[in-house]
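Per chain, numbering begins at 1; letters A, B, ... match sequence-line order.
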There are 2 protein chains.
Amino acid sequence: MKQQDYSILSPNTVDEASRIFKALSDPTRIKILFLLSQEECSVNHIAEVLEMTQSAVSHQLSFLRNLRLVKYRREGNTFFYTYDDDHVMTILNQVLSHIECE
Amino acid sequence: MKQQDYSILSPNTVDEASRIFKALSDPTRIKILFLLSQEECSVNHIAEVLEMTQSAVSHQLSFLRNLRLVKYRREGNTFFYTYDDDHVMTILNQVLSHIECE
DNA sequence: ATTGTATATGAGCATATGTTCATATACTTT
DNA sequence: AAAGTATATGAACATATGCTCATATACAAT
């Protein structure tokens with residue numbers, strides 16, 4: 001059988017999907033996004049709640065920023081982060097609630 | 001502010017979610033699952049369609065099997081794989097169709 | 001100006017991941 | 001029994017990942 005006989009995903013679609021899933025595949029990023037689904041948070045606040053170093057959190061926020069999954073506003077020295085991709089947040093919440101109602 | 005003031009996910013929930021997303025975060029696994037969403041496939045068939053070695057495909061199927069995302073039946077020398085987790089397939093299709101309709 | 005505070009970032013490191021290569025296993029065919 | 005076919009599996013390797021540590025940056029407060 002030949003490859004053409006099948007509905008094949010375009011490379012771009014596969015790459016984009018894997019990027020989204022990879023973003024959600026790390027426990028720290030899941031926890032950060034879940035926090036942000038509830039309220040706008042500063043970096044230090046996230047670090048305190050998750051009991052992680054500021055640096056580790058900042059690196060993950062940088063990762064999420066690059067993927068446009070979060071955005072921030074500055075207020076003095078404090079950076080307040082919010083989520084910035086409704087679709088990804090919907091996917092995350094679907095999976096989380098599916099797991100919890102088992 | 002204290003950690004207890006927030007709705008915190010249980011460690012099990014986070015781990016389980018990250019396992020699901022990690023399973024979907026690799027391009028090869030996405031392609032395999034997408035193929036299986038269309039039809040039952042033998043290992044060699046998957047390898048041919050995806051233009052990958054039998055070994056690479058078999059390793060990924062082993063990964064997906066461990067997570068109970070696929071199952072197989074044997075017919076002589078041939079192993080026919082099908083998907084085995086409707087929820088994960090739904091998530092995958094949601095993300096794929098969201099990407100494609102942009 | 002100096003010190004303090006909040007965050008970002010680069011280097012380094014240990015671990016995880018995905019593939020290849022060689023080989024094992026189990027069944028089929030002759 | 002022997003050779004062939006389809007798949008599984010272990011070792012090895014290169015790359016990716018997520019953290020820590022040290023330091024840079026930018027603004028605030030004194």
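Protein atom CD of Glu51(B) is 13 Å distant from nucleotide atom P of dT20(C), rounded to whole Å. Distance, Gln60(B) CD to dA16(C) C1': 13 Å, rounded to whole Å. One can place CD1 of Ile46(B) at 13 Å from P of dT19(C), the figure rounded to the nearest angstrom. Put simply, CE on Met52(B) is 10 Å from P on dG18(C), counting in whole angstrom units. Rounded to whole Å, the distance from CG on Leu50(A) to C1' on dG18(D) is 14 Å. One interatomic measurement links the two molecules: CZ of Phe63(A) to P of dG10(C), which rounds to 16 Å at whole-angstrom precision. When the P atom of dT25(C) is taken as reference, atom CZ of Phe79(B) falls 14 Å away, rounded to whole Å. The interatomic distance linking Tyr81(A) (OH) with dA6(C) (C1') rounds to 11 Å, in whole Å.
In the displayed structure, Arg68(A) atom CZ is contacted under 6.0 Å by at most 12 heavy atoms of other residues, nucleotides or ligands.
Across all their heavy atoms, Val70(A) and Leu61(A) have their closest contact at CG2-O, 4.0 Å. When all heavy atoms are compared, the tightest approach of Ile46(A) to Leu36(A) is CD1-CD2, 4.4 Å. Pairing each heavy atom of Ile99(A) with each of Thr13(B), the nearest pair is CD1-O, 3.9 Å.
The side chain of Asn44(A) contributes no N or O atom lying less than 4.0 Å from OP1 or OP2 of dT5(C). Between Lys22(B) and the phosphate of dT17(C), there is a side-chain N or O to OP1/OP2 separation shorter than 4.0 Å. Residue Tyr72(A) places no side-chain N or O under 4.0 Å from the OP1 or OP2 atom of dA6(C). In this model, the phosphate group of dT7(C) is not approached by any side-chain N or O of Arg65(A) to a distance below 4.0 Å at OP1 or OP2.
Here the side chains of Gln94(A) and Gln94(B) are in contact, with some heavy-atom distance below 4.5 Å.
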Q. Which parts of nucleotides 21-30 of chain D does protein reach within less than 4.0 Å, heavy atoms only, written one letter per nucleotide 5' to 3' as B for base, S for sugar-phosphate only and - for none?
A. BB---BBS--

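Side-chain N or O atoms of Arg29(B) include one that pairs as donor or acceptor with a backbone N or O of Lys22(B) at under 3.5 Å. Under the 3.5 Å distance criterion, the side-chain polar atoms of Ser97(B) are matched with a main-chain donor or acceptor of Asn93(B).
A donor-acceptor contact under 3.5 angstrom links the side chains of Arg65(A) and Tyr81(A), judged on distance only.
Using a 4.0 Å heavy-atom criterion, one finds that Phe80(A) contacts no nucleic acid atom at all.
The stretch residues 24-34 of chain A touches DNA chain D through Asp26(A), Thr28(A), Arg29(A), each having a heavy atom within less than 4.0 Å of the strand.
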Q: Give the C-alpha distance, both sets of side-chain angles, the deciding distance and a yes or no for side chain to side chain contact (heavy atoms under 4.5 Å, CB included) between Ile20(B) and Leu24(A).
A: CA-CA 9 Å; Ile20(B) 290 174; Leu24(A) 297 172; over 6 Å; no

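Side chain of Ser42(B), nearest nucleotide from dA8(D), dT7(D), dA8(C): dT7(D).
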